[in-house]
Amino acid sequence: MGDAGMESTVSPPEGTAQDSFLSMTDVFLISLITGLFTYWFFFRKKKEEIPDLPKIHTVSSPARDSSFIEKMKKTGRNIVAFYGSQTGTAEEFANRLSKDAHRYGLRGMAADPEEYDLSDLSRLSEIDKSLAVFCMATYGEGDPTDNAQDFYDWLQEADTDLSGLRFAVFGLGNMTYEHFNAMGKYVDKRLEELGARRIFELGLGDDDGNLEEDFITWREQFWPAVCEHFGVEATGEESSIRQYELVVHTDVNMNKVYTGEMGRLKSYENQKPPFDAKNPFLAVVTENRKLNEGGERHLMHLELDISNSKIRYESGDHVAVYPANDASLVNQLGEILGTDLDTVMSLNNLDEESNKKHPFPCPTSYRTALTYYLDITNPPRTNVLHELAQYATDTGEQEQLRKMASSSAEGKALYLSWVVEARRNILAILQDTPSLRPPIDHLCELLPRLRARYYSITSSSKVHPNSIHICAVTVEYETKTGRLNKGVATNWLKDKVPNENGRNSLVPMYVRKSQFRLPFKPSTPVIMIGPGTGIAPFIGFIQERAWLKEQGKEVGETVLYYGCRREREDYLYRQELARFKQEGVLTQLNVAFSRDQAEKVYVQHLLKKNKEHIWKLVNDGNAHIYVCGDARNMARDVQNTFYEIVSEYGNMNQSQAVDYVKKLMTKGRYSLDVWS
């Protein structure tokens, strides 16, 4: 009605006066257009006719050729291993497969799909004995990794004929997640639909079990299939092939040496937005307090100042933090290898055509590499043991390392017990293998990158626009060998004391967007389930609902199911939750204390007590359900409880109840932010 009324008020009156007025307007517009065209023709044209200046040759690196086909032809490669990687494992597997190729008289290259035009897959048949391998990790709720997003989008829309393409896929996933290996399965299925020929079956790696063993088992059957398909045989060459060469810098300008930066040199001294994985922001820690009142664990709340960073976040997003390894571990590695850790060096790729010139930012010192760039705390994978075995001078120790790196049943069992279950990191392996003293540069080449750690943001940007909050628990445990292992990031964060000795404590960070979002309408009810540190995003959610209420918005029911071990020990954010409850923002606060009584009580038990109310909120009130925390047990038990509630109050059988909950997930009304 308003729009129609506005239109009627500006409608001109009918009659001859209007015709005359329009004629004058037409003349004026024609004159204006003619004048502008004349100016453009005579004056702008003259500017374009300025003589060409001599070309200035810059020293900047040339733009990358986005055609992996041309690169393969130029370098004589016939196998390309693409990787979709979030934490680096898929990239590592792709590199291992590309290095394997030489043993069969073939040449391989690992490739980041983000750097190439994947529509060129249709041209791979131009290369003799060509093959594309895809090592694809699944991230989040069945999503592609960041670097594989464009490839995934292309696959969805492509109608390209890939009948000349031969391929194989190895997926990296985790069985505890709802969409196990969704990306690997999709790539395998979609390539076949587009006409490509699968030469070996899809491999499904499970990180909840033994991902390394899954990969080795798949790989040992994959290569014979490749040999049979192409009619080639293994050359028997098992010698170590170095990918990088060492250059020691004895006289170097220290202003050109990396000291922990992730991308641009001196980026920590001269911060420039936008901030992301390759350009993290150095946030000042303004608060670091212990949350629990007792117990052996240390649960903490940190606040990071993001003022003037132009960083924006929403409730439910993740903050990525780049930690540093414990200095004592780094020093011990230097001592056991007899190395001056302050030696400045570069590891340069022997393949000059590779996009990856160094395994980490170079030039740098060994100390910096082992502190900021390399993972020295996780058990090394079998390929590392295989490469290091040559340096063991004791034949028995060398045989043991080679056995653990082999694909034999005995070797796999030994690797599982001696490395994985004993949680031996590289330092422990060196300590327990006295004759193994590899060159430190080769060790640095082999160790995987130290990756960012992700935490659910514990604040709302509506309430804290210049601050990001983190809730975390320090990881510390004794191994089967009696060693004390500590989590890298949580213990590093624990020591970040605000304004210590007059100096700021800094944390390199960036924000990763999430799909874990509050409903668009504030009036929509929400049911939040998050025991332990799983409460983190819900503190932000409740803060935001409180802010919306202050703005006069109608806010729906806000129900929280929280769980901890003991009420007087680790009840996180107790005062804050009590205040939200008192103010009426938190309409229901249900807390399960698992160890305060003889029988353990968990969040799913409290859900069962309130079945009818939950069903009304979900079925009648269109409530959104959020689950955050442990994927292996809690998330699964909670989901089973919802099946039970839907079945009982919706009068459905088990299969119908499962479908009902799955539809909630599809509609974005049942969201998960879980980890294993």
Side-chain angles (χ1 to χ4, degrees), residues 61 64 68 71-72 74-83 85 87-116 131-133 135 147 170 212 215-216 219 223 234-249 258 337 339 343-366 368-370 372-376 378 380-391 401-402 405 426 436 438-451:
S61 58
R64 295 289 182 195
F68 66 90
K71 175 173 279 192
M72 291 176 73
K74 184 178 179 181
T75 58
R77 314 296 173 103
N78 41 17
I79 292 182
V80 57
F82 290 104
Y83 56 84
S85 188
T87 63
T89 307
E91 179 181 359
E92 182 188 325
F93 286 176
N95 276 315
R96 287 163 68 176
L97 290 169
S98 67
K99 287 178 76 174
D100 282 345
H102 83 281
R103 295 174 185 158
Y104 305 93
L106 305 168
R107 292 196 69 196
M109 64 176 262
D112 183 343
E114 198 171 35
E115 296 179 356
Y116 297 101
L131 170 68
V133 188
C135 296
N147 77 311
F170 182 81
E212 176 71 9
F215 176 67
I216 291 172
R219 187 180 66 165
W223 283 114
T235 61
E237 292 181 39
E238 290 291 331
S239 59
S240 171
I241 296 179
R242 291 291 298 267
Q243 188 176 350
Y244 299 92
E245 66 174 349
L246 171 67
V247 176
V248 175
H249 305 283
Y258 283 87
L337 295 175
T339 303
T343 300
V344 177
M345 56 83 196
S346 291
L347 288 177
N348 299 332
N349 202 321
L350 291 165
D351 177 8
E352 294 181 357
E353 295 296 324
S354 174
N355 287 6
K356 190 175 182 179
K357 298 303 180 186
H358 314 282
F360 43 78
C362 290
T364 191
S365 69
Y366 287 121
T368 298
L370 292 169
Y372 299 107
Y373 299 141
L374 297 172
D375 184 345
I376 62 174
N378 274 313
R381 299 195 186 277
T382 58
N383 66 304
V384 177
L385 302 184
H386 173 79
E387 296 277 350
L388 294 181
Q390 62 186 304
Y391 299 113
L401 290 168
R402 291 193 187 282
I426 189 60
L436 177 62
I440 192 169
D441 61 290
H442 198 180
L443 182 65
C444 288
E445 175 180 326
L446 294 170
L447 291 174
R449 285 293 297 268
L450 179 61
R451 300 290 170 176

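In what follows, every heavy atom counts, from backbone to side chain, and hydrogens, waters and symmetry copies are set aside.
- Checking side-chain atoms of T339 against main-chain N and O of L337 turns up a donor-acceptor pair under 3.5 Å.
- Not a single donor-acceptor pair under 3.5 Å links the side chain of R449 to the backbone N or O of L374.
- In this structure, F215 and F170 have perpendicular ring planes: the angle between them is above 60°, well past the 30° mark.
- Residues meeting the ring pair (Phe, Tyr, Trp, His ring centres under 6.0 Å) test with Y366, sequence neighbours left out: none.
- Under the 4.5 Å side-chain criterion, counting only non-hydrogen atoms from C-beta, H358 is not in contact with T364.
- Between the side chain of K99 and the backbone N or O of M109, no donor-acceptor pair lies under 3.5 Å.
- K357 places none of its side-chain heavy atoms less than 4.5 Å from the side chain of Y244.
- Here the side chains of L131 and L106 are not in contact, with every heavy-atom distance at 4.5 Å or above.
- Looking at R107, its side chain does come within 3.5 Å of a backbone N or O of T75 through a donor-acceptor pair.
- Judged by distance alone, the side chain of N147 and the main-chain N or O of E114 form no donor-acceptor pair under 3.5 Å.
- Taking the centre of each ring, F68 and F82 come in below the 6.0 Å mark.
- Between Y391 and H442, the ring planes lie perpendicular to each other; the angle is over 60°, past the 30° to 60° tilted range.
- Judged purely by atom type and a 3.5 angstrom limit, E212 uses its side chain to pair as donor or acceptor with the backbone of T382.
- Using a 4.0 Å cut-off between a side-chain N of Lys or Arg and a carboxylate O of Asp or Glu, E445 and R242 qualify as a salt bridge.
- Inspection of the H249 and S346 side chains reveals an N or O donor paired with an N or O acceptor under 3.5 Å.
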